[in-house]
There are 2 protein chains.
Amino acid sequence: MSPHSPSDPDASHEAPDHRDERHELDLGQFLPYRLNSLADRISQALSRIYGERFGITIAEWRVLAWLSHREELTAKQIGEHTRMDKAKVSRAIQSLEGRTLIRRTQSSQDQRVHYLHLTREGEEMLGELIPQAHAWEAELVTTLSTGEYRDLLNTMGKLERQLARLEG
Amino acid sequence: MSPHSPSDPDASHEAPDHRDERHELDLGQFLPYRLNSLADRISQALSRIYGERFGITIAEWRVLAWLSHREELTAKQIGEHTRMDKAKVSRAIQSLEGRTLIRRTQSSQDQRVHYLHLTREGEEMLGELIPQAHAWEAELVTTLSTGEYRDLLNTMGKLERQLARLEG
DNA sequence: GGCAACTAGTTTCACTTGAAACTATATGGA
DNA sequence: TCCATATAGTTTCAAGTGAAACTAGTTGCC
């Protein structure tokens with residue numbers, strides 16, 4: 001048995017009183033569920049900034065964010081980085097190009113690939129968006145100590161690596 | 001400024017060398033993104049158990065899981081617990097009832113509400129499914145120390161409360 | 001050179017989703 | 001009592017989704 005005693009669904013048989021608190025804890029201590037609903041809530045809250053203020057989707061934001069640190073990326077590379085499937089990436093790119101936030105230039109070596117870059121317009125939007133995203137994140141983590149924040153990222157890194165091990 | 005120094009998209013201007021590692025870190029240290037992709041990967045991995053071995057969706061699993069600790073829940077209560085919208089809950093319930101994993105009984109006080117309970121079949125399925133889910137979780141967190149695991153849940157709790165504050 | 005296998009990116013299609021409309025029931029006044 | 005308002009749950013509809021088919025181009029091999 002793991003030392004972490006994740007929620008035990010049969011536990012309710014042992015102590016029928018306090019059922020209310022205990023069942024709250026049950027799913028509430030099942031890591032996949034907790035993690036998923038936390039991430040979901042954060043995503044939704046943040047996408048209010050992307051969506052309402054800037055009119056872009058999460059997929060579009062991810063494409064833009066990656067383009068902000070790298071000059072030339074292809075759709076495929078963005079798909080690898082963001083773990084979005086290529087159809088989703090393709091549609092995000094189409095939409096961003098339609099709004100002239102990014103531009104595409106065909107590679108001369110390989111006619112199939114297109115390098116993507118931010119336009120001036122796209123850079124300007126990111127120049128506004130990114131600080132707001134960071135400000136929001138800062139507000140979210142404001143109740144954590146520096147150590148807690150570092151430990152969180154650290155632990156998440158461990159889980160990611162273990163996940164890769166389980167997957168691979 | 002937050003003490004946590006989340007990823008700074010402008011940082012690449014300061015040190016154009018080592019661009020490759022630095023941009024990996026950039027989005028890689030943006031908590032909402034990291035959290036979301038981690039949760040996504042975990043959900044997908046777990047839903048292989050739900051889906052392939054037991055033929056149920058995540059929504060259905062959540063309904064069943066809640067029913068495993070509480071005798072009588074209504075669709076509305078499940079929606080509140082799981083933060084799924086009522087259409088999704090309704091569809092999950094229909095499917096589960098169709099497979100006779102749950103049963104519905106109309107309340108005598110209020111003809112609109114239906115109490116949900118597991119059937120024997122549903123209980124049997126959960127009796128198999130839940131240990132497998134826990135075993136998978138245990139494998140995932142096996143690289144964490146007991147303290148790290150506790151701190152993780154703790155920190156997540158803090159983020160949830162802060163999120164509620166920001167939302168409310 | 002020419003053909004099979006491969007790859008980047010797009011489109012199609014069947015399915016899922018959440019918002020809003022809807023149905024049936026309940027409640028709280030006037 | 002009657003009516004306005006509210007609520008539980010279902011259905012509809014338009015938009016979004018990923019898997020698979022597809023298009024266009026490339027590579028390796030004979």
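Atom set for the values below is all heavy atoms of this structure, side chains included, hydrogens, waters and symmetry mates excluded. Each chain gets a letter, A, B and so on, in the order its sequence line appears, and its residues count up from 1. None of these values were measured; they are calculated from a predicted model.
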Report task. Indicate whether the side chain of A:Thr143 and that of B:Gln162 have a donor and an acceptor atom separated by less than 3.5 Å. Result -> no

Query raised in the report: Do we see a donor-acceptor contact under 3.5 Å between the side chains of A:Arg91 and A:Gln94?
Result: no

Nearest-angstrom distance from the residue atom [atom1] of [X] to [atom2] of [N]:
X: B:Met84; N: C:dG18; atom1: CE; atom2: P; answer: 9 Å
X: B:Arg62; N: C:dT17; atom1: CZ; atom2: P; answer: 11 Å
X: B:Arg83; N: C:dT17; atom1: CZ; atom2: P; answer: 18 Å
X: A:Asp85; N: C:dG9; atom1: CG; atom2: P; answer: 14 Å

Query raised in the report: Which part of the nucleic acid, if any, lies within reach of A:Lys76 when heavy atoms closer than 4.0 Å are counted: base, sugar-phosphate only, or nothing?
Result: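 Sugar-phosphate, no base atom in range.
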
Requested in this report: Hey, which sits more toward the 5' end of DNA chain C by its nearest nucleotide, A:Gln44 or A:Thr74?
Outcome: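 Counting from the 5' end, the first nearest nucleotide belongs to A:Thr74.
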
Query raised in the report: Shortest non-hydrogen contact from A:Ile102 to A:Leu64?
Result: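 Closest approach of A:Ile102 to A:Leu64: CG2-CD2, 3.8 Å.
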
Report summary line: For residues 150-159 of chain A, the side chain to side chain donor-acceptor pair (under 3.5 Å) pairs (sequence neighbours left out) are A:Lys158-B:Glu148

Report task. Supply the atom-to-atom distance A:Lys76 NZ to A:Thr74 OG1, rounded to the nearest 0.5 angstrom. Result ->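 The NZ atom of A:Lys76 sits 7.5 Å away from the OG1 atom of A:Thr74.
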
**Report entry** All salt bridge (Lys or Arg N to Asp or Glu O under 4.0 Å) counterparts of A:Glu72, not counting sequence neighbours
**Finding:**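 Scan of A:Glu72 (salt bridge (Lys or Arg N to Asp or Glu O under 4.0 Å), adjacent residues dropped) gives none.
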
Report task. Under the salt bridge (Lys or Arg N to Asp or Glu O under 4.0 Å) rule, collect the residues that match up with A:Glu97, sequence neighbours excluded. Result -> A:Arg104

Query raised in the report: When you list every nucleotide of DNA chain D with an atom under 4.0 Å from a heavy atom of chain B, which one comes first 5' to 3', and which comes last?
Result: D:dA6 to D:dT12

Report task. For residues 31-43 of chain B, pull every pair meeting salt bridge (Lys or Arg N to Asp or Glu O under 4.0 Å), keeping only residues two or more places apart or in separate chains. Result ->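 For residues 31-43 of chain B, and leaving out neighbouring residues, the salt bridge (Lys or Arg N to Asp or Glu O under 4.0 Å) pairs sorted by first residue read A:Glu160-B:Arg34, A:Glu167-B:Arg41.
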
Query raised in the report: Closest nucleotide of DNA chain D for B:Arg91 versus for B:Ala75: which of these residues is on the 5' side?
Result: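 The answer here is B:Ala75.
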
Requested in this report: Give, ordered by number, those residues of residues 106-118 of chain B having at least one heavy-atom distance below 4.0 Å to an atom of DNA chain C; if nothing qualifies, reply none.
Outcome: B:Gln109, B:Asp110, B:Gln111, B:Arg112

